[in-house]
Every structure is written in structure tokens, then in C-alpha cells.
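A note on names: the letters A, B, ... follow the listed sequences, proteins ahead of strands, and every chain is numbered from 1.
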Amino acid sequence: MSKKYYITTPIYYINDIPHIGHAYTTIAADIMARYKRICGYDVFFLTGTDEHGQKVEKAAESAGIHPKEHADRMVHRFTDLWQALNVTNTGFIRTTEERHKKVVQHIFDKVKEKGDIYLGDYEDWYCVPCETYFTELQLKEGRCPDCSRPPEKLKEESYFFRLSKYGQPLLDFLEQHRDFVLPDIRYNEVASFVKGGLRDLSVSRTSFQWGIPIPGHERHIVYVWFDALTNYLTGIGFPDDMETFGSFWPCDAHLIGKDILRFHAVYWPAFLLSYGIEPPKHVFAHGWWTIEGQKMSKSLGNVIDPHDVIKTYGVDEFRFFLFREVPFGLDGDFSKDAIVHRINGDLANDFGNLTSRSVTMIGKFLKGRIEEPEIRIGADEYVQENVMKLIGQYEKEMEVFGYHKALQCAFEIVSILNKYIDSEAPWKLAKEEDRRIKTVLYNIWNSLRIVAVLFYPFMPVRSQQIWNALGIEKPIESVIFNDEKHFRTPADIAAIDKIAPVFPRIEG
RNA sequence: GGCGGUGUAGCUCAGAUGGUUAGAGCAUGCGGCUCAUAUCCGCAGUGUCCGGGGUUCAAUUCCCUGCACCGCCA
């Protein structure tokens, strides 16, 4: 049985227009999925859409259509984007699917039977003109924080999840799984929230109808998080296909934005503990992007459409930028200058130009053939040793979502190769008819082949182009990483000649 | 108000169980090469390592305190 890896993104709210934030999480998951695949894992990569709730109900109503139809119209915004971004998800879940409804109802029932869900009253402040609920604390001097009008107190019958009971179990779990919350700077946040005491959680609503009804009490609709989080179970076949489910659960990683950490790191494991399913292994919370130094917001009109970025700069360039520019987990700023700078500096000048000069030299000086080296000196060994060392570092970083550092390792190799070419000057060796030119270009060819693999999870299309330029025709996505980590004389490759720049400079 | 974090070169950041010249990338200046996408390589820098106090033979690194900013919670 092959090794299994299960990674997820959140399910995105169907009313949202996909932006850079959605793209960020999903690409992050895709990078890991691709990486794990070339490492030999059988990967389940799940994403999807959250399609229930009052806002969807209202949007559909004003459009004069059924909420499901509304969702059907909107879902393509996400699926189209994932296609455009070359995202290789293996599953896609919509919370309006029948299979999901069954799972939510099943879990709800069981947890209720166990006594962890009970019927009570949910009290909140409701601002009629704004049509929004607020908690006592959100009110400003007893008035609506948005419009300053006095809200009404509404009491609604609601089911509650006995979260209060899970404080200690959660603390125990956190204590035993110090790497449950990643990056570790977020761990304390979660632990102190739990230590602060947990209140029971309202998990149903009667104020709207668009959702999953509670069996036997259909006036009640399962409320957002209980419905949404359960998708991670539905997506891999729970409970009908327990064989698949059992092979992928516990989930290796839920990738999320830092805004929904509490739901994933506190509520979700609590639900699972109550039901009796092991919590996931890791929840990784990443940061937020600002745009040209400003918070992204509809009112500022600076929300970025990923399709536009792709059109202007290219898919791989976009994917690359997001993880090269900012350590994964921290906040970052997306700006035109920054992405152009990265493309020109890292990709065109360093990596792209390295590829060009290497390929041209192999074509010009060796007639496009890589042969077994006859002699080898210290400089040649230095390159091999460092490439090996950096591959090892890269692997370690990838294991812990250290994408930023993993890319640094790849660029360290690029830098070593540029220096190597400079110091060994193959064009001189060619003139002098020195046999060592074969050694130098052999090393360069091999290192570049490996670097392309290191870049592959981030830039699948460009990496393939580089492989092709190196005379390798097989699809890079089907490689076994372990087989590529060695220097070797290629047995069967196409003749190597010139290539057009893989990463053209952006002028202006 | 509580808890946690951050404050290091022009910019973005790394770093040391305390100890010789505190680092990287980018930006800047100078030099070199010509295989290459006017690309690459080398050299040169500059820093009161937030302020104050303490521990120590020795602190930017540990402790206390102040200031500033950020995150989570109330």
C-alpha cells in the first residue's frame, strides 16, 4: 500500500468573488500536493465551496432564483480559477451535495445522542435595517456598530454544542501535539484562547432556511461551522467508503487563512473528539496580503483578480512570486513593482539566464550531447556536494511548509552554478580543447535538471520547459524525486540546442 | 485591561547556550568576463543590533523597565 497524504483548503464562500487570498491558499496546497506526489505519495487534495447560509439565500432571492441555482452559477468562478492556476485538486466538494448533507446530519445526530448537543436559547442583538446580528460586545454604547441605531434583542431557539466540556481535552490534545498548529507562533494563540474558557457554541439557526435541516426538527438549520468543517470528512468518503476514509484520515494538513484559525484549531477538533474521530495532524494558518501597501477591500476597489495577474505575468510567475516574496505564514504585500522585480531578478536574470547560457554552451561546445566526465577536479566536486546538500535542506523545508526557505535552497544552487560557469569558463576550455569541458557541462546539465525538479511544485509549466530544453522529454510531473537526486550520464535525450528565454524580462 | 510577539545596514529580513572584523538578498558605487535574456562574476561599503537600568571579566544576544508597532482574547 502506498503512502497517503491528505491536504485541504477551506471551502470558499460561494458568494465571494475569488481573489488573491483564495488563490494563495489553494496554490499553497497545490504545491504540497505536487511535491508529495513526486515523493511517491498517493495524494488526496480537497477544495470546494461553502454554499449555505443567509447571504446566499438573500442573494438568490434578489436574483429571483433558487439558492441552489445561484450556487450553480457561482461555483464556476472557483473551478475556472483553479484550472487557470493549474491546481491539481483531486476532490471538489460543494456543501449543497447530498453526500454532504447525509454526513452532517449523521454527525449531528451522533453528537446529540452522546449528549454534546442540546436545545437552548440563543440571544443576540439584531439591527433590523442592517439585517445583522451582533453580540453584546460588538455593540457600541448599546447601538449598532454600523448604523448607530438601537438594535432589538432577539431570542431564538437554538441547538448548542457543549464546547465548554472540551476545554481540558483540547488542552491535553494541544499539549501532546505541539505541532498541531503551524506555524508555531500561532500555537500560543490557540492555547490561550482555550485556557480562557470555552462557551457552548450555537450550532443551529431558525432565522433562515437555506442549509441542512436537523433531522426530526426541520425548522432548525445546521449553522455554518458545523456544516462547513464537516466537509473534510465528506470529501474523502466518510462514512460510506470507510476504506478510503481510513486510508487518508487523519488529515495531514488543513491549510487556512489566519482569520479562521480558531474554528479549525478549537471547534473542529472538539467536534471530532466528541464524535470519536482523531483530529487532523496539522492546521497551518497563513498570513494576509495587502495590495500596494493597503488592506484589500471592496470599498477601496483594490481587490485583485488573479486572472488579470496571470494574463499580465504568467501563471507560474504568479505562483512563484507568492511564495518567494514572503515567508509562508507571515503577511505580505502584493505590488506591481515587487512582482516585476522578482520576475526580472530571480527568474529572468538568475535562473532563466542560467538556463539559456547553459543550454547554448551544451549545444555549441558539445554538439548538444552530455557525456560521461573523464576528469574531475575540486571545483567540480564542490558543485556536486553542494547541490546534494541543498537538496537535503530543500526537502526538510518542504516537510514543514517552509516554502520560502525551500526556494532559497533552489536559488542557492542557481547562484553556485552561475559562479561555477564564471570561474570555469567553458568557452575557454572549448578553445583549449580541454577534456574537462565535458565535466563542467555534465555538472551543469545535471544540476539544472535537479533544480527544475525543485522548482516543479511551484512552477510546473516552466520546469517542464526547462526539462525539454535539457533534452528530457518525459513529463516532469511523473518523476520520482528520489530517482532524480543523483548526477548521471543521460542515456536517451534529445539533442540540446538553443532555447528562447523561458522567463523573458519585463521591460518598462 | 489580559496573554503573546516584534523593534538589527537605504529597503526586506536572518542571526548568536553571552566572547575575536554582526550577516543575506535587493538597491548604490567601482572593476572583470563574453557562454548567456544589457544577463553573469568580483570588490566596496555604511549599522549608537529601539531608549534606560541590571547581572557579568564581557550583552546587540540574559533579566528588569520605558517607548513604538503588531497579533489573539476580554
| message | So if I take every side-chain heavy atom of A:W427 and compare against B:U34, B:U37, B:C41, which nucleotide ends up nearest? | response | B:U34
| query | Picking from B:C26, B:C40, B:U37, which would you name as closest to the side chain of A:H341? | reply | B:C26
| Atom CD of A:Q408 and atom P of B:G23: how far apart are they, to the nearest Å? | 18 Å
| task | Compare side-chain N and O positions of A:K419 against OP1 and OP2 of B:G42 and report whether any pair is under 4.0 Å apart. | result | yes
| Distance, rounded to the nearest Å, where A:M361 contributes CE and B:U34 contributes P | 13 Å
| Has the side chain of A:D434 got a donor or acceptor atom that lies under 3.5 Å from a matching backbone atom of A:R436? | yes
| task | Could you work out the separation of B:A27 and B:G71 based on their P atoms and round it to a whole Å? | result | 31 Å
| said: Both A:E325 and A:A348 contact RNA chain B. Which one's nearest nucleotide lies toward the 5' end? | reply: A:E325
| Span that lies between the P atom of B:U60 and that of B:U20, in whole angstrom | 12 Å
| Please give, in whole Å, the distance from B:A38 C1' to A:I506 CD1? | 17 Å
| said: Roughly how many Å apart are B:A24 and B:C62, using the P atom of each and rounding to a whole number? | reply: 23 Å
| task | Taking the six-membered ring for Trp and the full ring for Phe, Tyr or His, determine whether the centres of A:H404 and A:F328 are under 6.0 Å apart. | result | no
| request: Would you mind pulling out the nucleotide paired to B:U61, Watson-Crick or G-U wobble, both distances under 3.5 Å? | output: none
| Under 4.0 Å between a side-chain N/O of A:R505 and OP1 or OP2 of B:U39, yes or no? | yes
| message | When the P atoms of B:C40 and B:U61 are compared, how many Å lie between them, rounded to an integer? | response | 38 Å
| field | Earlier contact from the 5' end, RNA chain B, for A:R324 and A:I499 | value | A:R324
| field | Within 45° cone and under 6.0 Å: A:R324 NZ/CZ vs A:F411 ring | value | yes
| query | Using purine N1 to pyrimidine N3 plus N6-O4 or O6-N4 for Watson-Crick, or N1-O2 and O6-N3 for G-U wobble, each under 3.5 Å, what pairs with B:C43? | reply | B:G29
| task | Would you indicate whether the side-chain heavy atoms of A:W427 and A:K364 approach each other to under 4.5 Å? | result | no
| Do A:F226 and A:Y159 make the cut of ring centroids closer than 6.0 angstrom? | no
| query | Can you check the A:I444 CD1 to B:C41 C1' distance for me, whole Å? | reply | 14 Å
| field | Minimum-distance nucleotide (side-chain atoms of A:E189 versus B:G71, B:C35, B:C26) | value | B:G71
| said: When you measure from the centre of the six-membered ring of A:Y403, is the NZ or CZ of A:K405 closer than 6.0 Å and no more than 45° off the axis? | reply: no
| If pairing requires Watson-Crick or G-U wobble contacts with both distances under 3.5 Å, which nucleotide is the partner of B:G71? | B:C3
| said: The side chain of A:N188 is closest to which nucleotide in this list: B:C40, B:A27, B:G4? | reply: B:G4
| field | Heavy-atom side-chain contact between A:F320 and A:D316 under 4.5 Å | value | no
| query | Which nucleotide in the list B:G71, B:C3, B:G32 gets nearest to the side chain of A:R186? | reply | B:G71
| said: Quick check with a 6.0 Å cut-off and a 45 degree axis cone: is A:R205 positioned over the face of A:Y223's six-membered ring? | reply: yes
| Are A:F284 and A:F401 near enough that their ring centres are under 6.0 Å apart? | yes
| task | Write down the partner of B:G23 under the Watson-Crick or G-U wobble criteria, each distance required to be under 3.5 Å. | result | B:C13
| Minimum-distance nucleotide (side-chain atoms of A:N418 versus B:C40, B:U37, B:C35) | B:C40
| C1'-based separation of B:U17 from B:C11 [nearest Å] | 32 Å
| task | May I ask you to decide whether A:R505 forms a salt bridge with A:E507, counting only side-chain N to carboxylate O separations under 4.0 Å? | result | yes
| Distance between the C1' atoms of B:C50 and B:G7, in whole angstroms? | 6 Å
| said: Taking only the P atom of each, what is the distance from B:G53 to B:U21 in whole angstrom? | reply: 24 Å
| said: Work out how far the P atom of B:C64 is from that of B:G25, and round it to whole angstrom. | reply: 36 Å
| Nearest-Å distance for atom pair CZ/P, residues A:R436 and B:C35 | 18 Å
| task | Quickly work out the A:E507 CD to B:A38 P distance and round it to whole Å. | result | 8 Å
| query | To the nearest Å, how far apart are A:I185 CD1 and B:G7 C1'? | reply | 16 Å
| message | Starting the side chain at C-beta, find the nucleotide from B:U37, B:C3, B:C41 nearest to A:N353. | response | B:U37
| query | Hey, can you pull the residues of residues 261-269 of chain A with a non-hydrogen atom under 4.0 angstrom from RNA chain B? | reply | A:R262
| Does a nitrogen or oxygen in the side chain of A:K195 sit under 4.0 Å from OP1 or OP2 of B:G2? | no
| Nearest-angstrom distance from the residue atom CG of A:D331 to P of B:C70 | 12 Å
